[in-house]
Structures are given as structure tokens and as C-alpha cells.
Amino acid sequence: MYAVKRPPVIKTQPESVTVFSTEDFVMNCEASGNPSPIFRWAKDGEDFDPGSDPELKVSESSGSFAFYTLSNTMDTLNKYKGKYVCYASNELGTAVSNEAILNTDGKSTSTTHKKVDETADEGKSFILKCNPPQSSMEPIIHWMDLRLRHIDLSKRVMAGKDGNLYFANLESSDSRDDYTCNVQYLATRTILAKEPTSLKVTQSNSVLRNRRPQMMRPTGHHSTYHALRGQTLDLECIPSILPLSETRTTKDMFDRRLRFTNISESDGGEYQCIAENSQGNTKHIYMLTVEAAPYWIKEPVSQLYAPGETVRLDCQADGIPSPIISWTINGVPISGVDKDPRRTLTASGSLILEDVNFGDTAIYQCRASNKHGTILTNTNVYVIELPPQILTDDGNTYAYTEGQKALLECETFDRPDPPILLQISDPKDRTVTLSWTPGDDHNGPVTEYVVEFEDHRSNESVWKMLARVSGNKERAVLSLWPFMSYRFRIIAINDVGKSDPSKPSGIYNTPAEAPDNNPKDVKSESIEPNTLVISWKKMNKTEVHGPGFKYCVQWRQAVGGGPDWHEKNVTEPPFRVDNVGNFSAYEIKVQAFNEIGRGPEPDTVIGYSGEDVPLEAPMDVGVEIINSTTIKVTWAPIDKDTVRGHLLGYKVLPYHHRGRRAQELESTVVVKTEPNEKKKVISDLRPFSNYTLKVTVYNIKGEGPFSEALPFETPEGVPGPPLTLTLDSPSETEMTLHWTPPGQPNGVLIGYLLQYQQSDDDSPMQVETIDDPTVTHITLKNLDHKSHYRFYLRGRTAAGDGVPTTMKGATMLDGGVTEMQPSFATQGWFIGVVSAIGLLLLILLILCFIKRSKGGKYSVKDKEEGPMDSEARPMKDETFGEYSDLEEKRTASQPSLCEKSKLYSEDNLDFNGSSAMTTELNMDESLASQISRPSGGPEGYHGLPENAPLNPTTCSPATNGVPNSVTILD
């Protein structure tokens, strides 16, 4: 018989694990297939070979692969933290496992704490801290005494989820010296006992017997919670009440906690905890947002296909936020596979393969991802490409009488025929039995039947899968929905492929019933003021269950609205109610019903009518001057009823005036705060300036009115740098500094501070104080004409010395001065010039070499008699110094490289008749000597910056034929 090959199928997925000890570290993956699959692993998206790691042990057999650690210490396991994926492959494709996350977390140990002694007054609220060790495990907290007896808990003494022990009001009986917090971790079977805490309650004759309630946990007026669909969530409410009275919420509570089990999107919304007594009440608002990791709506089905068929793999998932659908083929993203025009992706996430052939046989992975996680499903597409097989023996002899009908057998291996004779029997409330007669399997035993249905009442002729039945069965009990008009058909499947659908059965109508459930995701989506818009998720047709289906929408005010509900019957969402006030809390619910009856009693949710801009401005706005650029702004909390919406926060606006006494506004900054803030520190203001401050409150609709304008002045600050600083030298020992005042005095200028020192040694800093703010120049005498100086000039105000303007310079022999510029060796123009010169030198050397190679001989006599470069002639005047004989010979020999080169002319470095200037550059002397003046005069240097040392226009003229003492330094 033909050996049927099967693609890999993951049977046991690797599981996410948090490793608390080395025994917990195990990764396992099992898969079936024919041939047996080969396993490989990836960690964090990279190939990972457990067998090559000496610290891991691999256990591998046919159809399974596992690895675990050989280490005995937790420290070595940290490097294995990550996301693992198992791949199982054979010749028909690669199946991909779900992502398994491995985390490590050592056993928690108790940190050393000294015994704590606490003292508090009778009647006051109080909190005993537990502070359990940080861990990924959620601890169980037990408050006990030293005899391991539990501390009695009540409405007055409560244990919080954070582990702390809360006393709503202290009594003298609460005094004891052995309050012990015991922290239990179930996963590691560990209990940590902290040092006992002593609490002494001081008795008083003036104990308050009545006190307005306050919220101990959570603090503030609002808190936000996020949960994922299917999780369990507790909202905790621990108030301080004296005397004790009931605490109420919008849902039932137990032990001061509101628990949501298997939470769903419809649980999202706003909840309130209200504590009240004769002195008043306090409340806390909990904003609950429920999102969802991806979950499947429709998964593609693995099937066998014949060549030429069109394959449609439908993949639909839902979640909050909506997941992104992506496809891979044998674990490789479609974007990384060769493009094929037969393969298309639809906007809904379906993958369509047209005109398939055996090359399309693979395992296709559909992946749905959002920020909460990723789910993956493998779908086998097996295109059967068997050669024709005749199973009837050769040489058979058939004998017939003339005139008879002759039947010659030719048995082949083929897909099965569809079942026939479909019959419906044994109808019950919501079930029916469907039986059939199998068709010919053509020597390929049927492995499975697929039962499909069509709703005859629907305008669309769409067949949907209803059930899968084993290939050895000929009947099935089908679960049905009420108020449907069913027709059934069956498809047979064997290892070769699937049959055509059978002929449809007769019509079977199920009786109508009342709805089983109500719509989900009931909430308020109110946007416009004074309106309440109630929305919900529309129920699908299979949930209608009867004729005349509608929704009963009910609403009433959450507070003060009385016991009666308003209601309206509608056919679809949403539903709008007008004239309901701005941001008013309403209880809302939606119930499904039809002509037979109503669905179950719906849950009530809290929704708010549309928001409007806030009505009032913040009060008691104050400004505290911290320094010349920083203030602290304070205000009284706004009355929440005047916000008319969810309070998003406050906006603080300091307006800067153009002048010290001007009224015209120049600039405004807007500083936003959190809703519960009552103060804000604002920095980066301008010193010595007039400001006007306003505060407003805002919600999603916008800002409310501004508070009354509050003027304030920032004190003086230190001034900014003087705008300019120039140098002049009346003589070789004097220097005159000219400046312009700071552009930002930041106060009243009272003078200047000048500091200077020689820059070539560790000479002391000289200081000149100028007490006249109108002075804009100063002459320094008795300077060293051989030294360069650094100058630092600062403005001064009563606040101190400001930011300096700096300058470097030196006197000149002729009475001039040089201002030292920033280093040019790293400037772009200099790098470009040097690069160009290097290129020219290389070209000249090549030309000279070519000339000599063509037969020209190098004349020693010509070298000796050739004109000397002006730069190489010995200097007779010894004012500036002498060149050594070695320098003469070296410099004079340079023109011999190529006599006709313009770069080696006698005009070299003769800038407008001036002598060459000396530069302290880290440049080879030969490089400096090769920069000649181009023809046409100084204009030939227009490509250089004006302050470039190589630009002749920046050079001071020579004095009496002797180079001047100007030196341009880095």
C-alpha cells in the first residue's frame, strides 16, 4: 500500500515558566509526523542549540525534545532568561510552537530589620508597615503575634493587599509589642517572618468620638486600574471612619474588596467606594479599563488539496487593542519568502493560494499579536500529487454473451465519494440526529466527516462547519440553536483528499425560545454635553432565538434618581438620551428579548453623560519665589462637581512681559499637572522680569476659566556674557580691551570683573574690578610682550558675577595685537585645503617621474646653480633669530624636485611683498613652503575663510623687512 506522509503537528507545547530553583528549569516540546520530525529551538529570535551548551542536558527521542539544566546554582540560570520557540520539521513542512517565556526568580529571603517601636494617639487612624521583599510572586500576608496567633481583623482593623495593617481608629487595646508580619510564598513554599513591631497607644481624655471619614487606601480621590480579559481583579477600599458605619460601592463587596472573576470587557467603567457617617462622607473613584490579549474568532483548517485548487485560509482574531495578523510559511515570514503572484493576503487577514501544486505543500502559521501577547496556529496545506495507480490485476478474462452489457473493472486509488441518503431523526430541545450512508472510498479509508449547515431563512447562501465526526461513524448528534432553519451536508475526507459536498438534507426548523444572554460591552460613549449615549456589542443571529428580537435599554441616575428606571426598546445600538445634565453618573443596563420572552437580568454598569468645559477657576493661587529663575505655584483643589467631566489636571501659565515695567506680553509657557497635584515648581524663568500668572483646570472638552491674574517679579540673577570683546595694543607692553554690555543683564548692572593670565605657563590669575557699569574699555599695562594672554570678562549684578566672554591675544612689536582664534586644524576648510595640496603634490611627483622616464636627465649643475628660494635665503637681521646651516641646505634643496613647478617659484609665500609669517602649526615646513600665491593677487584666495591663517588678507604687513611677532596659535 501507499505509505501516507504526514506533516508535523505540535502535540505538547513548551510552557512559560518562572524558575525559582534549578529543578524548575525544563523546556519540553512534542510533535507527531511521518517521517518523524526533527526539532530545533530559537531563543529571542536567534537560533539556539541546547546540545552545544555544556550546562544543559538534552533528552531527545522520536517525537519529543526536552532540555534542562545541570547547574546547581540559580546564578548560572540568568543567561537563559528569554522567549523560546520550538520548530518541528519534516519534508512536508515546519510546525512552530507557541512562545514560551522563561524567567528566573530566586527564593525570597528576609532582609534584616531592627525592631520598630511605634507610638500613636488613641482615636487616630494608623498604619503598620510590612514591606515584603520584592518578588515576581504575589505573597500572602499573615499578621500574627509571637505565639503565631492571627491578629483579630474587623471593620476597624484591616489587612491591605499591600501587606500593611490598617487601623481605622486606635483603641487602647491595640497596644502590644509583638505585631509580626509573616510573608508566605506558595510557589517556593517559603514563609518569612519580620521582626516584631511594638505599638503603644497613648490614651487621651480628648479623644474624638466623631470624625469625617477619610480614605486610607487607596489615597487620593481617583485611581486607574488596567486588567486583561479573563483575569481576576480586586479593588480595595479601606477608609478611616469614626464611628464605624457601612462602606458602600456600586457593586457588592467582601472584606472591603470588590472582586472581579474572569473579568470581561463589559466590566470596564467607573466604580465608587463611599464611606459615610454623621460627620459627612468621602469617596474614591476607580477607573477600570479592561483590555484583552489576542484570542481566536476563526482559525484556518488543515486539509488535503488536489493540484490546481484554490486554497483560502481564513484567520480572524480579536483583542483590545485589535491584534495584528501576520503569516509565516514553515516559520519564515511571508515577506522573507520569494514573491508569488498566486499568493495574496486579504484585508481581513485571510491567505489565498491559487492554482496550488505540490510545491505549495507546507505548514502555514497565522500569528495574532497585540501589546498583551501573541497567539499562533499551524495549518497544514498538503497538496497530493500521487501518480495514477490501477489496482486491478492485469490479464483478467471476461466472458459475455452477445447482446449483454459488459462491465470491465478498473479499480483506481482516488478521493472518496460524498455520503448519500442524509436523514434527520430524534429531534429534541436543541439537538437532532443526522445519519448518512458512506460513499465509495476508492480504497482510501475515510478518516473524518465534516458536517456543515446553512440557515435557510438567511438571504445569504453560506455553508458553515457545525461538527467533525470520526470516519468510522455514520451518524452524529448535532447541537443546534433555537429559531433556525437548518439544512445539512457532509464532506468525507481520507488521506488522499476530501470529497465533494453531499446533496443537502431536508429543512429542519428549531423552535423559538427566549434569549440565553444579554449583549456585552455595555457602556456610555457620550461625547456631547447634556447627552447620554448608551452603546453595546450587537448580538449575532445565533443568539436571537426567536422572532421580534429587540433590546430593552434602561437607565436612571446613580445618585438621587429614585428606584424607577427609564427604558426604551430599540433594534440596534447605540441609544441616545438628551437633557440628562453634564457629566452625571447613570446606572445603565441592556436586556435582550423577543416575542417568547426576555433574557436573564442584565448587569448594571455606571456610565456618564457627556462632558462640558469646567465652570470655575482654581482659587487661592499663590506664588513662592525660590530663586531668580524658579517659582513654586500653589492652589486649592477644584470642586470636582464644577469640573463637569473627568479632571485631567491643571494648567499653569506664567505670562512674561516684554519689559521690566511694560504691560505688553512677550511669551507664555504652559505647564500641565496631574489631577491630584496642588503645587508645581516652574523653572527656566527669566531673572529680573515681570510676570503675570494664571491657573486653569481642564478636562477632555477643554479648559475652564482662568484664575485671577497674579503678578510677580523674579529677583535679579547673574548677567549673561558681554556681547563683544575686542583687543587693541597701544604698545608692546599694553593691551586695551573694548566691550559692549551683556545682552541679558538679568538685573541692575553694577560693574565688571576682568580676569587674565598668561596662557603659556602656570602664572597666577590677575583681577581687575570695575565698579562703573558705564565703562566699556580698560587698558592693561606692564604686560609681557613675549607672552600670550587669556582674558575673562564678566558683568556683575547684586546677585553675583555673570557668565564670562573669553578672548586670547598677545601684544605686537609694532603696537598691534592679535586675537587668537579657535583652532583651525579641525575645521572643514583646513582639512579640504590640506587634502587638495596633498593631491597636487602627488600629481607633481607623477609628472616629474614621467618627465625623467622619457630621457630627461637630472643636472647636478643645474641644481647647484639654480635660484634659491626666497624662503631659504639666510636672514641677515638677527632680530627674529637665525636659521641653522642644516635648515638652509634642506630648504634650498627643495626646488630640485621639479624646476618648472609653479609651487616652487621664487614668489613662494611672498604675500603682497610681505615677509612670510611664522605659524605655530603642527605642519611640516615643506608643506607650508608649498602654499604659493596664485596669479591674480589675493583674490585667488577667495575660497578660504577670512579668518583662515593661510589667507594673506589676514596677515599683518611686515615691518622694516623683519617678520613681525604676531603668532597665531591653536
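When reading the values below, keep in mind they use all heavy atoms of this one structure, side chains included, and skip hydrogens, waters and symmetry mates.
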Under the 3.5 angstrom rule, does the side chain of Trp143 hit a backbone N or O of Met158 as a donor-acceptor pair?
-> no
**Ile750 and Pro773, any side-chain heavy atoms less than 4.5 Å apart** = no
Residue set satisfying side-chain contact (heavy atoms from CB on, under 4.5 Å) with Asn699, at least two apart, ordered chain then number -> Glu611, Pro614, Val643, Lys701
> Would the number of heavy atoms belonging to other residues, nucleotides or ligands and lying under 6.0 Å from NZ of Lys640 be above 12?
Replying inline: yes
When rounded to the nearest 0.5 Å, the distance separating CG of Leu648 from NZ of Lys672 is 8.5 Å
Those residues at least two apart in sequence (or on a different chain) that pass ring-ring contact (aromatic ring centres under 6.0 Å, His included) with His777 are His738
Say whether, by atom type as modelled, one donor and one acceptor occur between the side chain of Asn370 and the main chain of Ala292 under 3.5 angstrom.
yes
- Does some side-chain heavy atom of Thr197 sit less than 4.5 Å from a side-chain heavy atom of Lys129? no
* To do: Count the heavy atoms of every other residue, nucleotide or ligand shown that sit under 6.0 Å from CE of Met287, and state whether that count exceeds 12.
  => yes
dist Asp801:CG -> Leu793:CG (nearest 0.5 Å) comes out at 10.5 Å
For Trp739, the ring-ring contact (aromatic ring centres under 6.0 Å, His included) test, sequence neighbours excluded, returns Tyr752
Those residues at least two apart in sequence (or on a different chain) that pass side-chain hydrogen bond (donor to acceptor under 3.5 Å, both in side chains) with Ser172 are none
The side-chain contact (heavy atoms from CB on, under 4.5 Å) partners of Lys694 (sequence neighbours excluded) come to Tyr655, Phe706, Ser707, Ala709
Hey, does Arg259 have a side-chain heavy atom less than 4.5 Å from the side chain of Leu233? no
(request) Taking Ser240 for its side chain and Met216 for its backbone only, find out whether a donor-acceptor pair lies under 3.5 Å. (result) no
Contacts satisfying ring-ring contact (aromatic ring centres under 6.0 Å, His included) that involve residues 630-654 (not counting sequence neighbours) are Phe583-His646, Tyr608-His646, Trp635-Tyr650
Should we say atom NE2 of His221 is surrounded by more than 12 heavy atoms from elsewhere, each under 6.0 Å from it? no
Quick one: does any side-chain atom of Ser223 pair with a main-chain N or O of Tyr286 as donor and acceptor, under 3.5 Å?
no
In short, salt bridge (charged side-chain N to carboxylate O under 4.0 Å, His left out) pairs touching residues 766-779 with sequence neighbours left out are Asp771-Arg796
Side chain to side chain, Arg176 and Ile151, heavy atoms closer than 4.5 Å = yes
(request) Say whether, by atom type as modelled, one donor and one acceptor occur between the side chain of Arg576 and the main chain of Val533 under 3.5 angstrom. (result) no
Between the CG atom in Asp162 and the CD1 atom in Ile141, the distance rounded to the nearest 0.5 Å is 8.5 Å
Checking Val633, Thr634, Thr673 against Lys679 for side-chain contact (heavy atoms from CB on, under 4.5 Å), the one that qualifies is Thr634
Sub-3.5 Å donor-acceptor pair from the side chain of Arg686 to the main-chain atoms of Thr629, do we have one? no
In this structure, are over 12 heavy atoms from other groups packed under 6.0 Å from Ile700 atom CD1? no
Using a 3.5 Å distance criterion without hydrogens, assess whether the side chain of Ser125 forms a donor-acceptor pair with backbone atoms of Asn169. no
Would Met735 and Tyr756 satisfy side-chain contact (heavy atoms from CB on, under 4.5 Å), going step by step from the backbone distance to the final call? CA-CA 11 Å; Met735 186 80 72; Tyr756 62 97; over 6 Å; no
Next item on the list: Name the orientation class of the two ring planes belonging to Phe126 and Phe167 (parallel below 30°, tilted from 30 to 60°, perpendicular beyond 60°).
Entry: tilted
Those residues at least two apart in sequence (or on a different chain) that pass side-chain contact (heavy atoms from CB on, under 4.5 Å) with Asp684 are none
Contacts of Glu624 meeting salt bridge (charged side-chain N to carboxylate O under 4.0 Å, His left out) (sequence neighbours excluded), chain-then-number -> Lys632
Hey, is the main chain of Val748 close enough, under 3.5 Å, to the side chain of Glu716 for a donor-acceptor pair? yes
Lys115 bridged to Asp117 by N-O distance under 4.0 Å:
no
Do Thr797 side-chain atoms and Leu749 backbone N/O form a donor-acceptor pair below 3.5 Å?
no
Point to revise | Residue pair Leu653, Leu693: steps toward the side-chain contact (heavy atoms from CB on, under 4.5 Å) verdict | key: CA-CA 6 Å; Leu653 298 88; Leu693 183 111; over 6 Å; no
Q. Is atom NZ of Lys680 surrounded by more than 12 heavy atoms (other residues, nucleotides or ligands) closer than 6.0 Å?
A. yes
Inset, instruction - Go through Asn579 and Asn530 one step at a time and tell me if the side-chain contact (heavy atoms from CB on, under 4.5 Å) criterion holds. - result: CA-CA 5 Å; Asn579 302 319; Asn530 203 29; 3.3 Å; yes
Residue set satisfying salt bridge (charged side-chain N to carboxylate O under 4.0 Å, His left out) with Arg556, at least two apart, ordered chain then number -> Glu587
task: Mark yes or no for whether Ser689, through its side chain, and Pro687, through its backbone, hold a donor-acceptor pair below 3.5 Å.
output: yes
Across all chains, not counting sequence neighbours, the side-chain contact (heavy atoms from CB on, under 4.5 Å) partners of His226 are Thr224, Thr289
message: Is it the case that over 12 heavy atoms from other parts of the model lie below 6.0 angstrom from the CG atom of Leu153?
response: yes
Is the number of heavy atoms from other residues, nucleotides or ligands under 6.0 Å of Gln231 CD greater than 12? yes
Fill in: More than 12 heavy atoms from other groups under 6.0 Å of CD on Gln744
no
Quiz item: Is any side-chain heavy atom of Thr232 closer than 4.5 Å to a side-chain heavy atom of Ile263?
Solution: no
Practice item. Could you go through the side-chain contact (heavy atoms from CB on, under 4.5 Å) check for Ile320 and Val290 one step at a time? Key: CA-CA 8 Å; Ile320 301 176; Val290 180; over 6 Å; no
Sorted by chain and number, sequence neighbours left out, ring-ring contact (aromatic ring centres under 6.0 Å, His included) with Tyr166 holds for none
* Asked: Ser526 and Thr531: side-chain donor and acceptor closer than 3.5 Å?
  -> no
